[in-house]
Amino acid sequence: MTSSQPHVTVLLALYDGCEHLEEQLRSYLDQSLRPARVLASDDRPHDGTGAVFQNFGTQVTAPPCWDLIEGPQQGLTRNFLHLLATVNPTETDYVALSDQDDIWLPEKLQSAVHHIAAQGDRPVLLGTRSWEWSPSTGQKVLSRHIPPPLNFAHALVQNYAGGNTMVLNRSALKLVQAALPGMPQPALHDWWLYQLISGAGGVVLLDPEPRLLYRQHSDNQVGANATLHSKLRRFGHMLTGTYRKWMDQNISALQSHANLLTPDNKALLDRLAQERSASLCTRLNMLADTGLHRKGRSNQAALWIAAALRRM
């Protein structure tokens with residue numbers, strides 16, 4: 001890295017994204033702090049998305065550098081983990097995760113670097129709010145606010161920001177790469193990033209300003225999370241056992257690299273793993289004693305119901 005300007009690498013997951021990809025790529029060029037590199041992982045190599053990415057890159061003479069690799073073809077979470085494993089920490093200061101069909105607002109990267117740099121050399125994960133955007137109607141709804149604290153006791157049971165908003169510094173990237181070898185797949189890559197970085201004693205930040213247009217359509221992997229429908233859907237995940245399955249995956253992933261956690265957070269993980277299937281009294285006492293919590297009264301009530309029904 002020869003430039004004094006911060007070196008930002010965008011990690012872009014591709015899959016059947018021809019329709020909206022160019023709008024996202026153009027928004028990288030409109031950044032007040034333009035990324036130095038865009039590393040894309042094509043998880044469906046023959047659907048034409050990779051060709052759209054490469055053709056766009058050949059038309060841009062100034063930075064960023066456009067690099068395309070083949071994805072593992074095992075779903076979105078595995079594709080992002082593949083990207084995080086591939087990038088060289090010595091060649092970048094920050095990595096920014098990106099979906100293929102959003103539109104970044106111009107200050108997204110500049111504001112992220114500003115907030116993260118203030119934390120020094122510690123591992124830092126930053127997420128932001130976003131505009132949940134319906135292109136067909138033009139309607140924009142501000143994503144929910146997640147109040148502090150943003151810590152491991154929260155991360156174990158709820159995510160705090162969309163992966164499409166997340167930026168990590170080099171220290172956080174090194175931490176991630178130390179955890180990845182041999183790790184079972186977690187439920188969601190962004191939720192796991194929050195768990196790992198908070199659990200290892202890193203800093204987790206939420207920028208309250210929306211920094212991108214989050215396109216809403218039928219193919220969204222997660223979609224908007226502020227509506228009544230989304231709240232009912234999440235509660236349904238708890239009742240049907242889906243949430244417990246996610247917890248199984250996340251706990252297994254965290255246990256594979258528990259040596260990276262602080263002693264207190266490792267003890268919290270161990271207690272959750274042991275007592276979430278114990279007697280009703282033990283499960284409820286664990287929630288009361290440990291500070292495990294979800295943000296919002298309805299979400300916290302749902303967590304207690306899940307614990308009571310052994311769905312956590």
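On a predicted model such as this, the values are computed, not experimentally measured, just so you know. As a basis for the values below, the full set of heavy atoms in this structure was taken, side chains included, without hydrogen atoms, waters or symmetry mates.
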K.L.:
Could you walk me through whether Thr90 and Asn88 pass the side chain to side chain donor-acceptor pair (under 3.5 Å) test, one step at a time?
P.N.:
CA-CA 5 Å; Thr90 66; Asn88 187 341; 2.8 Å; yes
K.L.:
Show the numbers, then the answer: is there a side chain to side chain donor-acceptor pair (under 3.5 Å) between Gln274 and Arg271?
P.N.:
CA-CA 5 Å; Gln274 292 166 9; Arg271 184 171 180 186; over 6 Å; no
K.L.:
Arg78 and side chain to side chain donor-acceptor pair (under 3.5 Å): which single residue from Gln73, Gln185, His189 fits?
P.N.:
Gln185
K.L.:
Give the intermediate values and the outcome of side chain to side chain contact (heavy atoms under 4.5 Å, CB included) for residues Val38 and Phe53.
P.N.:
CA-CA 10 Å; Val38 180; Phe53 175 84; 3.7 Å; yes
K.L.:
Check step by step if side chain to side chain contact (heavy atoms under 4.5 Å, CB included) holds for Val10 and Leu39.
P.N.:
CA-CA 6 Å; Val10 175; Leu39 176 62; over 6 Å; no
K.L.:
Would you mind telling me which of His115, Met166, Arg211 makes a side-chain contact (heavy atoms from CB on, under 4.5 Å) with Thr128?
P.N.:
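The side-chain contact (heavy atoms from CB on, under 4.5 Å) with Thr128 is passed solely by Arg211 among His115, Met166, Arg211.
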K.L.:
Are Pro72 and Ser41 side-chain neighbours, meaning at least one heavy-atom pair lies under 4.5 Å?
P.N.:
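The answer is yes, as the side chains (C-beta and beyond) meet within the 4.5 Å cut-off.
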K.L.:
Could you go step by step and tell me if Leu292 and Leu272 meet the side chain to side chain contact (heavy atoms under 4.5 Å, CB included) rule?
P.N.:
CA-CA 9 Å; Leu292 290 166; Leu272 173 63; 4.0 Å; yes
K.L.:
Of all heavy-atom pairs between Val157 and Trp191, which one has the smallest distance, and what is that distance?
P.N.:
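Looks like C-CZ2, 3.6 Å.
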K.L.:
Quick check for you: to the nearest 0.5 Å, what is the distance between Leu156 atom CG and Tyr194 atom OH?
P.N.:
9.5 Å
K.L.:
Any side-chain heavy atom of Met312 sitting closer than 4.5 Å to one from Arg283?
P.N.:
no
K.L.:
Between Glu23 and Arg215, does at least one N-O distance fall below 4.0 Å, as a salt bridge requires?
P.N.:
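The answer is yes: the pair qualifies as a salt bridge.
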K.L.:
Measure from the side-chain N and O atoms of His7 to the backbone N and O of Glu91, and report whether any donor-acceptor pair falls under 3.5 Å.
P.N.:
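At least one qualifying donor-acceptor pair exists.
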K.L.:
Just checking Asp121: does its CG atom have more than 12 heavy atoms from other residues, nucleotides or ligands closer to it than 6.0 angstrom?
P.N.:
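No, not enclosed.
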K.L.:
Going by heavy atoms in the side chains, are Thr92 and Arg37 under 4.5 Å from each other?
P.N.:
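Sidechains of Arg37 and Thr92: no contact.
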K.L.:
How long is the gap from CG on Leu150 to NZ on Lys295, to the nearest 0.5 Å?
P.N.:
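One finds 6.0 Å between CG of Leu150 and NZ of Lys295.
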K.L.:
Can you tell me if Arg34 and Gln31 form a side-chain donor-acceptor pair at under 3.5 Å?
P.N.:
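No.
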K.L.:
Under 3.5 Å, is there a donor-acceptor pair between the side chain of Asp99 and the main chain of Asn164?
P.N.:
no
K.L.:
Decide yes or no on side chain to side chain donor-acceptor pair (under 3.5 Å) for Arg244 and Ser277, but give the supporting numbers first.
P.N.:
CA-CA 11 Å; Arg244 183 174 175 86; Ser277 299; 2.5 Å; yes
K.L.:
Give a yes or no on whether a salt bridge exists between Lys108 and Asp207, defined as a side-chain N under 4.0 angstrom from a carboxylate O.
P.N.:
no
K.L.:
Treating Glu275 as the side-chain partner and Asp270 as the backbone partner, does any N or O pair qualify as donor plus acceptor under 3.5 Å?
P.N.:
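A pair under 3.5 Å: no.
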K.L.:
Shortest non-hydrogen contact from Pro135 to Gln216?
P.N.:
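So the two residues come closest at CD-O, 4.0 Å.
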K.L.:
Can a donor-acceptor pair be found between the side chains of Ser27 and Gln24 at a distance below 3.5 Å?
P.N.:
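Looking only at side-chain atoms, Gln24 and Ser27 do form a donor-acceptor pair, the distance falling under 3.5 Å.
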K.L.:
Once rounded to the nearest 0.5 Å, what's the spacing between atom CG of Asn299 and atom CH2 of Trp304?
P.N.:
15.0 Å
K.L.:
Identify the two heavy atoms, one from Ala273 and one from Ile251, that lie closest to each other, and give their separation to 0.1 Å.
P.N.:
CB-CG2, 3.9 Å
K.L.:
Would a single hydrophobic cluster contain both Leu83 and Tyr15, if residues Ile, Leu, Val, Met, Phe, Trp and Tyr are joined by side-chain heavy-atom contacts under 4.5 Å?
P.N.:
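No, no single cluster joins them.
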K.L.:
Can you tell me if Tyr160 uses its side chain to pair, donor with acceptor, with the backbone of Leu205 under 3.5 Å?
P.N.:
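Confirmed, Tyr160 side chain pairs with Leu205 backbone.
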K.L.:
Tell me which pairs pass side chain to side chain donor-acceptor pair (under 3.5 Å) where either residue lies in residues 53-66, with sequence neighbours left out.
P.N.:
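The answer is none; no pair qualifies.
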K.L.:
Taking the side chain from Ser252 and the backbone from Asp248, do they hold a donor-acceptor pair closer than 3.5 Å?
P.N.:
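It does not hold such a pair.
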K.L.:
A side-chain contact here means heavy atoms from C-beta on lying under 4.5 Å apart; do Ser98 and Tyr28 qualify?
P.N.:
yes
K.L.:
For Leu206 and Ala161, which heavy atoms make the closest approach, and how far apart are they?
P.N.:
CD1-CB, 4.4 Å
K.L.:
Just verifying a value: how many Å separate Thr282 OG1 and Leu287 CG, rounded to the nearest 0.5 Å?
P.N.:
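So the OG1 of Thr282 and the CG of Leu287 are separated by 11.5 Å.
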K.L.:
Okay, side chain of His82, backbone of Phe80: is any donor-acceptor separation there less than 3.5 Å?
P.N.:
no
K.L.:
How far does CD of Gln100 sit from CG of Asp16, to the nearest 0.5 angstrom?
P.N.:
7.5 Å
K.L.:
Is Arg129 close to Thr165 at the side-chain level, that is, under 4.5 Å between some pair of heavy atoms?
P.N.:
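A side-chain contact under 4.5 Å is absent here.
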K.L.:
Starting at CD of Glu70, measure out to CZ of Arg44 and round the result to the nearest 0.5 Å.
P.N.:
14.0 Å
K.L.:
Determine yes or no for a side-chain-to-main-chain donor-acceptor pair under 3.5 angstrom, with Arg170 supplying the side chain and Pro89 the backbone.
P.N.:
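Such a contact is found between Arg170 side chain and Pro89 backbone.
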K.L.:
Quick one, Leu269 and Leu261 - any side-chain contact, counting heavy atoms below 4.5 Å?
P.N.:
yes
K.L.:
Would you check, one step at a time, whether the test side chain to side chain contact (heavy atoms under 4.5 Å, CB included) holds for Leu193 with Leu84?
P.N.:
CA-CA 11 Å; Leu193 288 173; Leu84 286 161; 4.2 Å; yes
K.L.:
Looking at every non-hydrogen atom in both residues, tell me the closest pair between Leu173 and Leu168 and how far apart they are.
P.N.:
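Between these two residues, the closest heavy atoms are N-CD2, 4.4 Å.
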K.L.:
Are Lys266 and Asn259 side-chain neighbours, meaning at least one heavy-atom pair lies under 4.5 Å?
P.N.:
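Lys266 vs Asn259: side chains apart.
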K.L.:
Under 6.0 Å from the ring centre and within 45 degrees of the ring axis: does the NZ or CZ of Lys140 meet both conditions for the six-membered ring of Trp131?
P.N.:
yes
K.L.:
If you compare all heavy atoms of Leu21 against all heavy atoms of Leu12, which two are closest, and at what distance to 0.1 Å?
P.N.:
CD1-CD2, 4.1 Å
K.L.:
Where the side chain of Thr49 meets the backbone of Leu14, is there a donor-acceptor pair that is under 3.5 Å apart?
P.N.:
no
K.L.:
Do Val60 and Leu29 make a side-chain contact, defined as non-hydrogen atoms from C-beta onward lying under 4.5 Å apart?
P.N.:
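The answer is yes; the side chains approach within 4.5 Å.
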K.L.:
Test your reading of the model: is there a side-chain donor-acceptor pair from Asn169 to the backbone of Arg122, 3.5 Å cut-off?
P.N.:
yes
